[in-house]
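Computation of the quantities below employed the complete heavy-atom set of this structure, encompassing side-chain atoms and omitting hydrogens, waters and symmetry-equivalent molecules.
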Amino acid sequence: MSQATERIHELVDKLNRYRHEYYNEDAPSVSDAVYDHLYDELARAEKETGIILSNSPTQTVGYKAVSNLEKVRHRIPLLSLDKTKMVSDLASFAKDHAALLMLKLDGLTVKLVYEDGKLVEGSTRGDGDEGELITHNVAAFRNVPLSIPYKGHLELSGEGFIHKSDFERLKDTLAGSDGKPYRNARNLASGSIRCLDANTCREREISFFAFNILAGMDKFEDIRDSRSALLLSMIDFGFGICPFVPVPAGASTEEIEKQIRNLQDLAEASDIPIDGMVLRYDSLSYSAGLGRTARYYNDGIAFKFEDDVYETIFRSIEWQTGRSGEIAPVAVFDTVEIDGCEVSRASLHNLTFIKNLELHPGCRILVSKRNMIIPHVEENLDRGAYEDMVPDTCPCCGQPTRTYSRTGDKGRMVETLHCDNPECGSRILQRFVHFAEKKAMNIRGLSEATLDQLIRIGALKGYQDLYHLDRYREEITALEGFGKKSYENLIASINESRNTTFVRFVVAMDIPLIGRTASRILDRHFHGSLRELQLAALDRFDFTCLDGIGDIMSSSLHKWFRRSDHLLLWCSLQKELNFENGLDAQASGEENTMNGTNNKFAGCTIVATGKLKNFTRDGINARIISLGAMPGSSVTKKTDYLICGEKAGSKLAKAQQLGVKILTEQEFLEMLPA
C-alpha cells in the first residue's frame, strides 16, 4: 500500500472513531481544532489521489433506499470452483504451476464495476449469470472506494462479510425475516447486503475484500498476467484484498498444510470469518486456457474445512416417490441443532447408502450439515444389526416396487428403488410441483397442497389445464381453504406466469438432466428460440459441441424430442405463453395462423410413410405438430391423412383398405396454410 493510500485509511479510521466518541458517547478525546485539521488533511488527500472510501467522513450525502432489488446480468459469469476436503488434492491441482492460497471468506460474493474512476455498479453473485443490483448499499460498506485514480473500465469480485466480533455484538439486537435472531455472520451479511435501505446496511458493519479482477487487466501491461500482482495493485486504489500467500510450483502437501495453518492463524487474529481456503493459479493466461464447466471455472479449487458432526438417534425412514418414479429414502432422527438450525431429517440417497451404513431403528448416528447447508448422515455408531426397511410397494399408489442398478461416482454400482406406475398419484403431483416451481414457470403461491386438491377434483390432467382453470371456478371456490379471493389470486398468479423465458420453459419441460445451467447454455446458443432448439434436436444436432453439455445430456435431448407426446406438449403449450425475447412469441403467432380457418390439418391425426424428399422422419413429425395435428405411428380408423413418399409399404395398403385420405408429399406441401 502506498503511503498516501495508507494515510487515507488511517485518517478515515481516526476521524470515524472521533465522530463516534463525540456523537454517541459524548466523550470526545480530541479538540474540534484537531478534528478539523485531520478532516482537511483527508479532504486534500482524497482530491490528490482520487481515492474516496465509502466510509469516509467527507461523504455526508446520506444513504439511499430502493423499493426493490433489480436484476442484473453478469457479462462475465461468476461461477463457483470445484471443492475438496483433502489437502493432497490441492497439491495435485497445483502441480507445476505457481498458485495463490487464499482465505475462503464466509459472506456474500459481490461484484463491483468502475467507469472513469467512479463506482457505477454493485451486484450480488446470484446464480452466477444473474444477480441483484445493490449499488445503493455498497456506499454503506466500511471500506469500498467510491472513487479511484484509475480511469478505465474495471470489474472486480470479492466478498462482503461481517467481522466475528461485530457479529457477536450485533446478533442479539437483530432478527431475520423469520423473527428469530441471526445464528451466524454469513446469514446476517447476506441479508444486510441485500436489504432495501442502505441505512440498515450501514448499521451492520459490512466489510469488503476483493479476491479477483474480472476485467480491465489489459491496462496493467506489466502485471496483467499475474493474479497476485493485480490484486496487490488494488491496494493502492484503496481496496482491501483477501489475504493470500503464494504457493510455488511443485509445492508438497506438507508445505500447503503449513500455509493453511498460517492463514487460519491470520484469520483468527484478524477476526475474519472463513469456512475454508481457495487455491487458484497465478497466471491468468494459463487460467483462461483451462476453460470452465457449466458450474465451475477450472483454474481453481476450494478447500472446505471438515463439517462438525452431531450425535443423535435414528428412528425410521420415510419414502417419497418423485416425478421420475425413483423413491427417495429420508432419514428421520431425534432433532439436533446445527449452525443454529433444528435438523431432524436428511436424505439417505439410495439403497446402497442405507445398506453400507447398516441402519436400524434406535441406532446412534452422526449427522452434519455438509458445506454448512445440506443435512447428511455421516456414520452409524452401532453397526452390526442392519434391518431391511425397504418397502415392497410404492408408498403412494401401492404398486410393487422395483430395484434398479446404475453406475454411480467412480464407477461404483448403486441400487435405487422405483415405482414404475406412470399413473402413480405422487409422480403426477410432483411433475406439477416441478412445473410450478420458481426455477420453472414460477407460479407464485401455487403450493403442493393446492395442486393436490386441483388434481383430485379433476381440474388438472395436463400442464395446459392450469391456464384454463376458469372451467372449474365453482369447484375450486368450494374447496376447503378457498374462496372467491383465493381463486382470483391463484388465477392472477397463473396468468402472470404466462410471461416467461426460454430457460424457464425448458426447465419446466423436465427433460432429464437438463436443468437451469444446461438451459442457459441452450438459450445462448439458440438465441432464445425454442423453435431453433426443437429443430436442432430433431435433426440430431451434436449438443456436445456446446461447452457444458456432455454425451448423456445430448442423448437425453434427442430421446425426449423423439417422443410425439413430448413434441405435442412442447408446441401446444407455447401457445399459452408470451416469451420475453419475442422470438418464440412470433413463432407462436405463426402457429396460431396455421391453426386458423385456412389450416385443414388442425386437430387431425397424420401418418407419414416411405422416403420423403423434403423432410427427415423427425422433421415431418415436427411439421405435423406445428400444424396443431398429431403425428401417428400406425394407420388406424382414427387416421385422417397418410403422407406417402417413395417405397411406401404396408401402411399405404392399410390406408387404402380403411379409406384414409392419401396425400403425396407435394400435395401435402400445397395444402399447407400460406
Side-chain angles (χ1 to χ4, degrees), residues 463 500-515 518-595 599 601-602 604-633 641 643 645 665-666 668-674:
Y463 297 145
T500 190
T501 66
F502 176 105
V503 171
R504 289 192 185 282
F505 183 83
V506 173
V507 171
M509 290 298 94
D510 204 14
I511 303 170
L513 303 178
I514 308 300
S519 297
R520 291 190 188 100
I521 295 170
L522 297 170
D523 183 19
R524 286 192 291 267
H525 182 80
F526 292 105
H527 318 294
S529 172
L530 295 167
R531 183 172 178 79
E532 286 186 23
L533 170 58
Q534 169 192 326
L535 294 176
L538 294 174
D539 287 340
R540 302 201 63 79
F541 172 77
D542 183 9
F543 291 99
T544 62
C545 71
L546 307 181
D547 190 16
I549 304 289
D551 290 333
I552 299 177
M553 296 167 72
S554 180
S555 176
S556 180
L557 283 162
H558 292 147
K559 289 179 181 178
W560 194 88
F561 278 97
R562 280 204 299 270
R563 284 186 49 171
S564 58
D565 56 333
H566 289 165
L567 273 173
L568 184 60
L569 171 65
W570 176 268
C571 294
S572 58
L573 187 58
Q574 290 178 50
K575 300 170 188 175
E576 306 285 354
L577 309 172
N578 303 306
F579 292 88
E580 289 181 0
N581 59 20
L583 296 177
D584 292 307
Q586 180 180 351
S588 178
E590 292 170 357
E591 289 172 6
N592 287 333
T593 300
M594 291 181 181
N595 292 331
N599 178 14
F601 298 114
C604 295
T605 298
I606 305 173
V607 177
T609 187
K611 184 178 180 180
L612 302 176
K613 295 180 180 179
N614 298 284
F615 301 95
T616 62
R617 179 61 56 208
D618 289 331
I620 188 63
N621 286 340
R623 186 58 164 158
I624 290 169
I625 290 173
S626 73
L627 295 166
M630 170 69 80
S633 57
Y641 293 95
I643 303 172
E665 183 179 0
Q666 185 59 39
F668 170 71
L669 292 172
E670 290 173 356
M671 290 174 65
L672 292 177

Exercise for the section: Answer yes or no: is there a side-chain heavy-atom contact under 4.5 Å between Arg531 and Leu535? Expected result: yes
Practice task
Without swapping roles, check the side chain of Ser554 against the backbone of Gly550 for a donor-acceptor pair under 3.5 Å.
Solution key: no
Problem - Heavy-atom side-chain proximity of Ile511 to Met553 below 4.5 angstrom - result: no
Handout entry: Greater than 12 external heavy atoms within 6.0 Å of Asp565's CG
Key = yes
Completion exercise
Here the gap from Leu557 atom CG to Leu533 atom CG, rounded to the nearest 0.5 Å, amounts to 6.5 Å
Practice task
Please determine which of Leu612, Ile606, Leu538 meets the side chain to side chain contact (heavy atoms under 4.5 Å, CB included) test together with Ile620.
Solution key: Leu612
Handout entry: Test item: Glu665 side-chain N/O and Lys613 main-chain N/O as donor-acceptor pair under 3.5 Å
Key = yes
Practice task
Quick one: pull up CG in Leu567 and SG in Cys571 and give me the separation to the nearest 0.5 Å.
Solution key: 6.0 Å
Handout entry: Any Pro512 side-chain heavy atom under 4.5 Å of Lys559 side chain
Key = no
Exercise for the section: Indicate the ring-plane relationship of His566 and Trp560, choosing parallel, tilted or perpendicular according to the 30° and 60° boundaries. Expected result: parallel
Practice task
Taking the six-membered ring for Trp and the single ring otherwise, decide whether the centroids of Phe543 and His525 are under 6.0 Å apart.
Solution key: no
Exercise for the section: Measure the spacing between NE2 of His558 and CG of Asp539 and express it to the nearest 0.5 Å. Expected result: 9.0 Å
Exercise for the section: May I ask you to check whether Phe541 and Phe526 place their ring centers less than 6.0 Å from one another? Expected result: yes
Completion exercise
Between the OG1 atom in Thr501 and the CZ atom in Phe579, the distance rounded to the nearest 0.5 Å is 8.0 Å
Problem - Backbone of Trp570 reached by a side-chain donor or acceptor of Gln574 within 3.5 Å - result: yes
Problem - Leu573 and Met509, any side-chain heavy atoms less than 4.5 Å apart - result: yes
